[in-house]
Protein chains: 2
Amino acid sequence: MSLRIAALGLLAQRPGSGYDLLKQFEKSMANVWPATQSQLYSELNKLADNGLIEVSAVGARGRKEYRITDAGHAELQRWVTNPQDDPPFRSAALLRIFLLNLIPTGQARVHLATMAEYSDAEVARLSELRGSADWNDSGEIPDHDFFALAALDYGQRLNAMRADWARDVIAKLESRH
Amino acid sequence: MSLRIAALGLLAQRPGSGYDLLKQFEKSMANVWPATQSQLYSELNKLADNGLIEVSAVGARGRKEYRITDAGHAELQRWVTNPQDDPPFRSAALLRIFLLNLIPTGQARVHLATMAEYSDAEVARLSELRGSADWNDSGEIPDHDFFALAALDYGQRLNAMRADWARDVIAKLESRH
DNA sequence: CAGGCCATGTAAGACGTTACATGATTTT
DNA sequence: AAAATCATGTAACGTCTTACATGGCCTG
């Protein structure tokens, strides 16, 4: 359900082809909702079949430029304001923590340290992303970039939290000796 | 892949039937990796077919008690020490933030406030969970409960972070006027 | 003996990944 | 002319959800 929304959301910002969207998925959207090429193209066909988007232009190499329809806008509104039917929260990382007693304590400590370093690197990566893109965040009314930056901030806080947490667990682990 | 691991992990703590595991999924595991009854039973059959678990006893009402095998232990070890092939991170909540410019600012603020309150409630729920269960966390060597508590702590920090973040975004939203 | 809990299973369909397949256009 | 990029599609397979289906055992 959510890939449909992610694609629709990108088309709501501006029209584009499957290929265009694919680039945006690889660039920014992957941080929020990754998708593969295969999935994206078939989703676009489904969206068009359901009348949520329509082909606005046909270009070279069979390029189909899509545009969101009124029905598509309505569907987006519905989804954005209805968090209750989101897919359930799943975290392989948390599951791994849950099972960390199955390996020797030393290895568990190494894993936690690796996790902390990875999170540090993610914070750095997101800082670069924040610096690199040319954000258009000046208007009176909050626009797409305002919320994209908010999402970016969320990612940074999440990873900072993870790094702190992992180091605290290591500390507790070591205070057992 | 990860449900297989979650089930295997529970059986590594102690043997049990599909029904037993289902109760554990509803109780604690759902916070980490939710699964449905249907999925669990078929996964157990697959695990047994692959020799990662085996039926250790058959009881009344066709009850099959499963026990992890050596191959199962090996598979668990392999998975726990290999985070690189985890499924990619997906968050409907973040996607929604990304698209929040599509609704009026007032509604967006309401959504963020609801999010903050939900996260507060989650922190409270997890505090209760921490208080309610009889944790066995006294041994020299960190056991399952040590890491289960660490996972619980992670959940609390995550939700505290989310609540703070949502309130900060609201503040930035309001400083626009 | 009725109702609740124990206990397991199947089937259909949506969602996601990997791999395969094809061809047009632009750049070097 | 070759290589890179643009551009879309299909097929197979695994995961997850929802709904349906069945029946045994225990308690009141």
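All chains are named by letter (A, B, ...) in the order of the sequence lines, taking the proteins before the strands, and each is independently numbered beginning at 1. For clarity, every value in this text was computed on a predicted model and none was experimentally measured.
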Just to confirm, is there a sub-4.0 Å distance from OP1 or OP2 of [N] to any side-chain nitrogen or oxygen of [X]?
X      : N       : result
Y41(A) : dG9(D)  : no
R90(B) : dC16(D) : no
K46(A) : dA14(C) : no
Y19(A) : dC6(D)  : yes
K64(A) : dG9(D)  : yes

When the distance from [atom1] of [X] to [atom2] of [N] is rounded to whole Å, what number comes out?
X      : N       : atom1 : atom2 : value
R63(B) : dC25(D) : CZ    : C1'   : 13 Å
K23(A) : dA7(D)  : NZ    : P     : 9 Å
I5(B)  : dC16(D) : CD1   : P     : 12 Å
Q37(B) : dT17(D) : CD    : P     : 12 Å
E43(B) : dG9(C)  : CD    : P     : 13 Å
L40(B) : dT18(D) : CG    : P     : 16 Å
F25(B) : dT15(D) : CZ    : C1'   : 14 Å
Q24(B) : dA7(C)  : CD    : P     : 13 Å

Task: N45(B) or M1(A), whichever maps to the more 5' nucleotide of DNA chain C - done: N45(B)
Open item on the list: With nearest nucleotide decided by heavy atoms, which residue, Q39(A) or R61(B), maps closer to the 5′ end of DNA chain C?
Closed with: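 This one resolves to R61(B).
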Open item on the list: Applying a 4.0 Å non-hydrogen cut-off, can you work out what P88(A) is touching in the nucleic acid: base, sugar-phosphate, or nothing?
Closed with: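 It contacts sugar-phosphate atoms only.
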TODO: Classify the nucleic acid contact of L22(B) as base, sugar-phosphate or nothing, counting any heavy atom under 4.0 Å across all strands shown.
DONE: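 No contact at all - L22(B) keeps every heavy atom at 4.0 Å or more from the nucleic acid.
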Task: Main-chain N/O of Q156(B) paired to D153(B) side chain as donor or acceptor, under 3.5 Å - done: no
Open item on the list: Testing the 3.5 Å rule here: is there a donor-acceptor pair between the side chains of T81(B) and Q107(A)?
Closed with: no
Open item on the list: Tell me whether the count of non-hydrogen atoms from other residues, nucleotides or ligands lying under 6.0 Å of OH in Y41(A) goes above 12.
Closed with: yes
Open item on the list: Here's a test of your reading of the structure: between S38(A) and A60(A), which maps to the more 5' nucleotide of DNA chain D?
Closed with: A60(A)
- [ ] Using the salt bridge (Lys or Arg N to Asp or Glu O under 4.0 Å) rule, take D168(A) and K172(A) through it: C-alpha gap first, then chi angles, then the decisive distance, then the call.
- [x] CA-CA 6 Å; D168(A) 285 354; K172(A) 275 182 204 151; over 6 Å; no
Task: Polar side-chain contact T36(B)-dT18(D) base: donor and acceptor under 3.5 Å - done: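 Per atom types, no contact qualifies.
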TODO: With D20(A) as reference, evaluate K27(A), R14(A), R63(A) under the salt bridge (Lys or Arg N to Asp or Glu O under 4.0 Å) test and give the passing residue.
DONE: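 For D20(A), the salt bridge (Lys or Arg N to Asp or Glu O under 4.0 Å) test succeeds with only one of K27(A), R14(A), R63(A), which is R63(A).
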